[in-house]
Q: 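First the structure, which I've put down as structure tokens, then a few questions once you've had a look.
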Amino acid sequence: MVQEVQEYVQLCGTAIRFAFSRPFYRHDFVEQLDSIGMGSLTVVLLTGFFTGAVLALQSGMTLDQFGARPFVGRLISASMIKELGPVLTGLMLAGRVGSGIAAEIGSMVVTDQVSALRALGTDPIRKLVVPRILAGTLMAPVLTIVADTVGILGGWLIAVYQLRVASSLYWKSVTEALYIQDVWMGLLKPFVLGFVIVSIGCHVGLRTKGGTAGVGRATTNAVVASSVMVIAVDFFVTRLLFSLIY
Amino acid sequence: MPESATDVRGGAVAPVGDQPMLVFKKVSLAFDDNVVLRDVSFTLRQGHTKLLLGASGSGKSTILKITLGLLKPDAGEVWVRGVRVDEMTEAQMMGVRTDLGMVFQDGALFDSLTVGENVGFKLYESTEQSLAAVRTRVEQVLELVGLGEFIDRMPAELSGGQRRRVAIARAMASKPRILLYDEPTTGLDPITALSVDEEIVKMRDLEEVTSVLVTHQLRDAFFVTDFEAVRGAQGVEFREAHERKLDEAEFIMLKEGVVHFEGNSRELRASRDPYITTFLS
């Protein structure tokens, strides 16, 4: 366990160092931006939308007890932007991107393709890990913004058509509750989560052993580890940001 | 240069200008309690071939991985073209690997790239040649292995034998001085295996590539030692090797990580050692 953490930290350090030195695989980076960003768009849109909608439905009934139904927008925007948007996007990326990366790199390891890369004079960390980590770190905030937006839209639909809150009141309430610190928190967390998810996927993939069964195990391990880490890192980053920016 | 270049051959004097391409000197490697190689020593000269024989798990493929720097030995020295490589870092090994090409057991072609991109991978990555020049070289080597028309296909569309031949083309595209073959004919039917053997002989005799061939397919090993390729009026022809050529191909038989036999094909066939006779039977 300790050795695995050491290797993970070493991989992250090497990847960060390589990100600032040549050669840089621009084509692979663009490919990963598309794969991680566009490839995850549908799942993030659906997750964000329904989370916002169900949040409005549930909180609307609770707020009713205090006669505070018009403030439903405030609750949705604060919840989505500060917490649910980053975490749910992170979990979706862990499931889709983390597993995909672990499976792809794991398959390359067990079929000697990673050894072939090294034999051909190409560093697998530069070629496989750096473009994925950079793309994941950059796309996670973009996808989080998408999730936040459609979540607030989902909340608006329920607020207007189910809870009968005036549309203008909803939007006023959405913006009123937000402080610039909340926006910073909502934007900074996904950078860290994106890095963690993709780096764990790469690390687990590169350690794959034991043929196709090993690839299966690596995929499961990547999803479990990155999902747990999304929740844990979210807590620690939130704690840190509270002390830094509030 | 290692002074051991002559020592490890039991005191044989190297001809002037005949510098060793690869030297293993008392190389040992173990994974926990499992000893994979113990005091393995040999010397490989330019244009020569070493054929590593032995049962599964005897350490044959490990020798190739140590040569490439994919594994580090626990003890001993490894020299590639006069440079000691066993103490090099991964970054330093990248330079040495320009002289080496490796054909992996199942080809290890990159699934997401076309045949042409696989073959030209090293050239696209690490040379300053123009794309057109790389494409020309890729076409040239694919023609040599008889797969010129497959340049735009994906590896998944190829048969097992075709994949091995593409792997050979990829390994030789950057004109390495040493080619390492890891069981290139395992799992192939005899006719396809023969076509792969012919490619190995062509690389050695027409491209003057020094080779290390790991196999436990004796028929393939003896084809490589007993035949040579020449350019004839009808193209490349294969004929029985001359005496000199026979001596340029040496067998190393490994048994439980130790060199059990070293010699040419005649000496191997003439051996009365029980392990070797069992292996050859």
Side-chain angles (χ1 to χ4, degrees), chain A residues 3 7 10-11 13-15 17-18 20-32 34-36 39 100-132 135 205-212 214-215, chain B residues 31 61-62 64-71 88-113 117-128 155-156 163-164 166-174 176 178-184:
Chain A
Q3 192 193 347
E7 286 177 13
Q10 200 173 14
L11 175 74
T14 310
R17 192 159 45 85
F18 283 174
F20 297 100
S21 62
R22 287 175 181 276
F24 181 71
Y25 294 94
R26 198 178 295 116
H27 177 76
D28 296 79
F29 170 62
V30 174
E31 212 169 66
Q32 289 304 318
D34 178 56
S35 166
I36 295 173
I101 288 173
E104 186 183 4
I105 295 180
S107 302
M108 290 183 75
V109 169
V110 299
T111 56
D112 273 336
Q113 290 180 54
V114 170
S115 293
L117 268 181
R118 292 172 68 194
L120 289 164
T122 298
D123 193 314
I125 297 179
R126 283 190 190 278
K127 174 83 176 162
L128 302 175
V129 177
V130 171
R132 283 167 174 77
L206 285 172
R207 282 176 56 91
T208 305
K209 284 176 189 152
T212 47
V215 175
Chain B
F31 297 118
S61 299
T62 306
L64 301 189
K65 288 181 176 166
I66 288 175
T67 305
L68 265 174
L70 301 180
L71 289 174
M88 283 187 169
T89 62
E90 179 73 6
Q92 290 170 324
M93 272 311 292
M94 291 297 177
V96 176
R97 286 172 189 154
T98 55
D99 279 338
L100 299 165
M102 170 123 176
V103 178
F104 286 85
Q105 242 173 59
D106 292 314
L109 300 180
F110 304 126
D111 299 329
S112 56
L113 304 181
E117 288 166 341
N118 263 286
V119 173
F121 186 86
K122 195 168 185 172
L123 300 176
Y124 287 120
E125 292 281 317
S126 58
T127 70
E128 292 175 355
R163 290 173 68 91
R164 308 285 171 94
V166 170
I168 292 174
R170 180 175 70 179
M172 64 164 294
S174 60
I178 306 171
L179 264 177
L180 313 170
Y181 301 92
D182 191 2
E183 301 193 20

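In what follows, chains are A, B, ... by sequence order, proteins preceding strands, each numbered from 1. In this text the structure is predicted, and so the values were computed from the model without any measurement.
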Q: Residue by residue, scan residues 20-28 of chain A and write down, ordered by number, those that have a heavy-atom distance under 4.5 Å to chain B; if none do, write 'none'.
A: Tyr25(A)
Q: How long is the straight-line distance from CG of Leu109(B) back to CZ of Arg163(B), given to the nearest 0.5 Å?
A: 5.0 Å
Q: Quick check on the interface: out of Leu180(B), Thr98(B), Asp111(B), Val96(B), who has the most heavy-atom pairs with chain A under 4.5 Å?
A: Asp111(B)
Q: Once you round to the nearest 0.5 Å, how far does CG of Leu128(A) lie from CD1 of Ile101(A)?
A: 10.5 Å
Q: Are the side chains of Asp106(B) and Arg164(B) in touch, meaning some heavy atoms are under 4.5 Å apart?
A: yes
Q: Any side-chain heavy-atom pair from Tyr124(B) and Val119(B) closer than 4.5 angstrom?
A: no
Q: Pair Glu31(A), Arg132(A) - check salt bridge (charged side-chain N to carboxylate O under 4.0 Å, His left out), show working.
A: CA-CA 9 Å; Glu31(A) 212 169 66; Arg132(A) 283 167 174 77; over 6 Å; no
Q: With sequence neighbours excluded, tell me which residues meet side-chain hydrogen bond (donor to acceptor under 3.5 Å, both in side chains) with Ser35(A).
A: none
Q: Has Arg170(B) got its NZ or CZ under 6.0 Å from the middle of the six-membered ring of Phe110(B), at an angle within 45 degrees of the ring axis?
A: yes
Q: Under a 4.5 Å heavy-atom cut-off, does chain A meet the side chain of Leu70(B), its backbone, both or neither?
A: both
Q: What part of Thr111(A) is in contact with chain B, defined as an atom under 4.5 angstrom from a non-hydrogen atom: side chain, backbone, both or neither?
A: backbone
